[in-house]
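Below is one structure, written out as structure tokens, with a few remarks after it.
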Amino acid sequence: MSENKDFLRSIVEEDLKSGKFNKITTRFPPEPNGFPHIGHAKSICINFGIAEDYKGHCNLRMDDTNPTTEDTKYVEALKDAVQWLGFNWEGNVRFTSDYFDQIHDYAIALIKMGKAYVDSTNEEEMREFRGTVTQAGKRSPFAERSIEENLELFEKMKKGEFKDGEHVLRAKIDMSAANMKMRDPLLYRIRHAHHFRAGNKWSIYPMYDFAHCLSDYIEGVSHSICTLEFENNRDIYNWVLDTLKLTPPRPYQHEFARLGINYTVMSKRKLLELVEGGQVSGWDDPRLPTIAGYKRRGYTAESIITFCEQIGIAKANSMVDVAQLEFCIRDDLNTKVPRVMCVLEPLKVTIVNYEGKEELDASYYPEDVPKEGSRKLPFSKEIYIERDDFIETPPKGYFRLTPEQPVRLKHAYIITCKEVIKDTEGKIIEIKAEYNLASKSGSDSSGIKVKSAIHWVEAKTAKEVEVRLYDRLFKEEAPEGIEDVNPDSLKVIKKALIEPAVINEKPDERFQFERQGYFYADPIDYTDETPVFNKTVGLKDSWGKKKKIPTQSAPKLKKEQIDGEVVAMSESEQALFDQYISLSISYEIANTLARDEKLSHFYKEAYDDFKVQMGDIQAPTSLANIVANEIARELKEKNELKCTPKQVSELAKMIDDKTISNKIAKQVFEEMLKSGDNPAQIVKAKGLIQISDPSEISPIIDEIIAKNPENVEKFKAGNTKLLGFFVGQVLKATGGKANPQVVNKLVAEKLK
RNA sequence: UGGGGUAUCGCCAAGCGGUAAGGCACUAGUUUUUGGUACUGGUAUUCGGGGGUUCGAAUCCCUCUACCCCAUCCA
């Protein structure tokens, strides 16, 4: 595994190390209501990948709590996707619906604890009662029902005695919670619907927030990994598991950013729209980012996994460039597939000085691909080349055939254009050319230099095939909807010409059509009468790129930042601020202290002590700095502090009387936080007295300089940033005790 | 607007107080019977902005800004 692991793996490793878990269990929990796409692939790679890496296991669980949208055909597609990617789930495929009984029992338990109630307000009213993001909600009057009544009502809900929507079961949490998700979330709703697995057994179904955490718990999941939009749901996740007081261990939820790719859409809703709207031919349309689509387009599972590894895992919403995906599939196929020749837009070439026919030996693989295999290539006086491999009046830098410029026919001879034949409209319909007998591939003695070799097929033996050229489905980088669909995303060439071996010998199902791209024999429409090939991805085309007018993008200016208003200080804050300033505390520090009640309070106590010890002569700037920086951090992270204001005052005193440096003070402070000991004790116990004597520091510097000749070199060459490196090394060597100012000075002198 | 997140190159992304990793894209060159591949080099004096702490800050503190998520009986 790479040393730079993602944040999820870091969490897993910490949990393993701390003993929070000694076995890792993850799960991939899709809802079977749509076809999996590459975003699912990312999740699959994460969940199954982490399980593999840490010798745990991963479950495949269908999160089937909504009978109205889910279907077994999606279950199959999901299973297929996981398998195709090469992962194995632990045991059988799991279903949330398998746990309905248990989940129901947990609901009863909550009711009995007085933590859940049956609410009978209608949907609209419930929405009103929920409040808004800025206003607290109010609790439904039904929340006051007795436990017995709740139990009875819930039982009746289960028995199907009510209509859809008449009642719901809700958790009793907090209608004024800042997190909207915690305003008495729904646990169960009535739904008289046929469930594709549970049949008609249930007329109530658990909501995601209730079912998911419990399913994770039931399966013994340790790390419940989901996407960012569930961050707010984590509070319910924890609430349910904690409130139920389940026997440990329990799972914990962690979120990562979902995958976005430009020029495509990833939401199930939009995908469904395309499929149902007929913009594409189905869930497996090769233009779709679905697993089925990539599969049919010719992508390999390996390439998709590599892609998922390359893009990383983080928490920042991001949009990955399709070029990255395309690189992965090209890179994978490059070393795997045979090269063959196929002419998409044929232009007839008659080689006037060639008579008869022959068969040429041609390797399927170029020199740099370590694979064996070859085929026979028929050759005669009538061939076809690609239409844009000939130009009568070529632009500068054109390497292919022109009236003046000969070209090699790949694996065959060099030809020279002798005559251009056009139809009445001026369109070129044929080239008359001459070949050079001595230029035969492999035994060229002609001495002719050509700028390039082009692909071709022999006219009589070539096979007609259908080729489907796919381009990005959307013309916009961040498409909104079907109005952004690229009208040219599919181009079908009905009569492309391919060399016969591809059809007769079928050496593979994926090919590189030389100079054009990678193609895949369509697994569904391909027949011997009409072979069909899908373009997986084009080759990189630096000529095609060059031809385009380089779009001169305006030099990017830095975005101007608007500074917002700072809230004015209250009167008391202002008074404190003024007082701090009078003690020569800097503006910023005074500002920080004055505005935070906890900090100003802490500071006051510390200063009272400081004043007693040092009198009014010493300005309390060190003290104020520590409180505004260090104490502020600690107060932010934890709510409790192990060190007292008096101790901090002592620490400041030691800095002021130069007993210790700021660097040491940080170490001491860390220790104070941990042990609660007095700073003087810590300094004494650890011998943290500052070393300022140059004669003591000097030899250490010499040693470090001797150990890092390259960096000395770089420094002397002008990389002055390395001063920090050397100072850091010296400080490290002395356990932070060396006086940094002195070290800085000495290092600078020695390196001169 | 309350809460929860996130900001490091054109796109991803490491980095956790001591030299700004890596991949894609871009670019220049070498090799090449694919304008492919491979190889070699070039691409952030700077980490959303501004302050502060420190000998030293992308990393710690304060503050501002921008973007994403949350008010489905969806997941």
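Naming convention: chains lettered A, B, ... in sequence-line order (proteins, then strands); numbering from 1 in each chain.
Taking the six-membered ring for Trp, A:Y188 and A:F154 have ring centres closer than 6.0 Å. Aromatic ring centroids of A:F307 and A:F327 lie 6.0 Å or more apart. Residues A:F256 and A:F7 place their aromatic rings such that the two centres sit no closer than 6.0 Å. Ring centers of A:F511 and A:F519: at least 6.0 Å apart, outside the cut-off.
When the nucleotides B:U53, B:G5, B:C62 are ranked by their closest atom to the side chain of A:K636, B:C62 comes out on top. In this structure, the nucleotide among B:U6, B:C74, B:C12 sitting nearest to the side chain of A:A316 is B:U6. With B:C61, B:A21, B:C73 as the candidates, the nucleotide lying closest to the side chain of A:R189 is B:C73. Closest to the A:Q561 side chain, of the nucleotides B:G49, B:A38, B:A14, is B:G49.
Rounding to the nearest 0.5 angstrom, the gap separating the CG atom in A:L409 from the NZ atom in A:K440 is 13.0 Å.
Remark: the A:R408 side chain and the B:U33 base include a donor-acceptor N/O pair separated by less than 3.5 Å. Remark: the A:N629 side chain and the B:G52 base include a donor-acceptor N/O pair separated by less than 3.5 Å. Counting atom types as modelled, A:K721 pairs no side-chain N or O with a base atom of B:G56 as donor and acceptor under 3.5 Å. For A:N334 against B:U37, a side-chain-to-base donor-acceptor contact under 3.5 Å is absent. Contact annotation: side chain of A:E231 to base of B:G5, donor-acceptor pair absent below 3.5 Å. For A:N591 against B:G51, no side-chain N or O and base N or O form a donor-acceptor pair under 3.5 Å. The base of B:G36 sits within donor-acceptor range of the side chain of A:D368, with an N or O pair under 3.5 Å. For a distance-only test at 3.5 Å, the side chain of A:R400 qualifies as a donor-acceptor partner of the base of B:G35. Put simply, the side chain of A:Q516 and the base of B:U34 share no donor and acceptor less than 3.5 Å apart.
The phosphate of B:G52 (OP1 or OP2) has no side-chain N or O of A:T592 nearer than 4.0 angstrom. A close approach under 4.0 Å does occur between a side-chain nitrogen or oxygen of A:T65 and OP1 or OP2 of B:A75.
What separates CD of A:E309 from P of B:A13 is a distance of 15 Å, to the nearest Å. Counting to the nearest Å, the P atom of B:U33 and the CZ atom of A:F399 are 14 Å from each other. Atom CZ of A:R183 and atom C1' of B:G3 are 9 Å apart (whole Å). Following rounding to the nearest Å, A:E670 (CD) and B:C60 (P) show an atom-to-atom distance of 12 Å. Per the geometry, OH belonging to A:Y263 stands 11 Å off C1' belonging to B:C11, to the nearest Å.
The P atoms of B:C47 and B:G42 are separated by 23 Å, rounded to the nearest whole Å. B:A7 and B:G15 have their P atoms separated by 12 Å, with the value rounded to a whole Å.
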For a quick check, with a 4.0 angstrom heavy-atom cut-off, what is the B/S/- contact string for nucleotides 23-29 of chain B, read 5' to 3'?
BSSS---
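With centroids closer than 5.5 Å and planes inclined by less than 30 degrees as the test, A:Y208 and the base of B:A75 fail to qualify as a stacked pair.
A 4.5 Å side-chain heavy-atom check between A:R189 and A:L169 finds every atom pair outside the cut-off.
For A:E573, the salt bridge (charged side-chain N to carboxylate O under 4.0 Å, His left out) test picks out no residue, with sequence neighbours left out.
With 3.5 Å as the limit, one finds a donor-acceptor pair spanning the side chains of A:R27 and A:S224.
Within the shown strands, nothing qualifies as a pairing partner of B:A58 under the Watson-Crick or G-U definition with both distances less than 3.5 Å.
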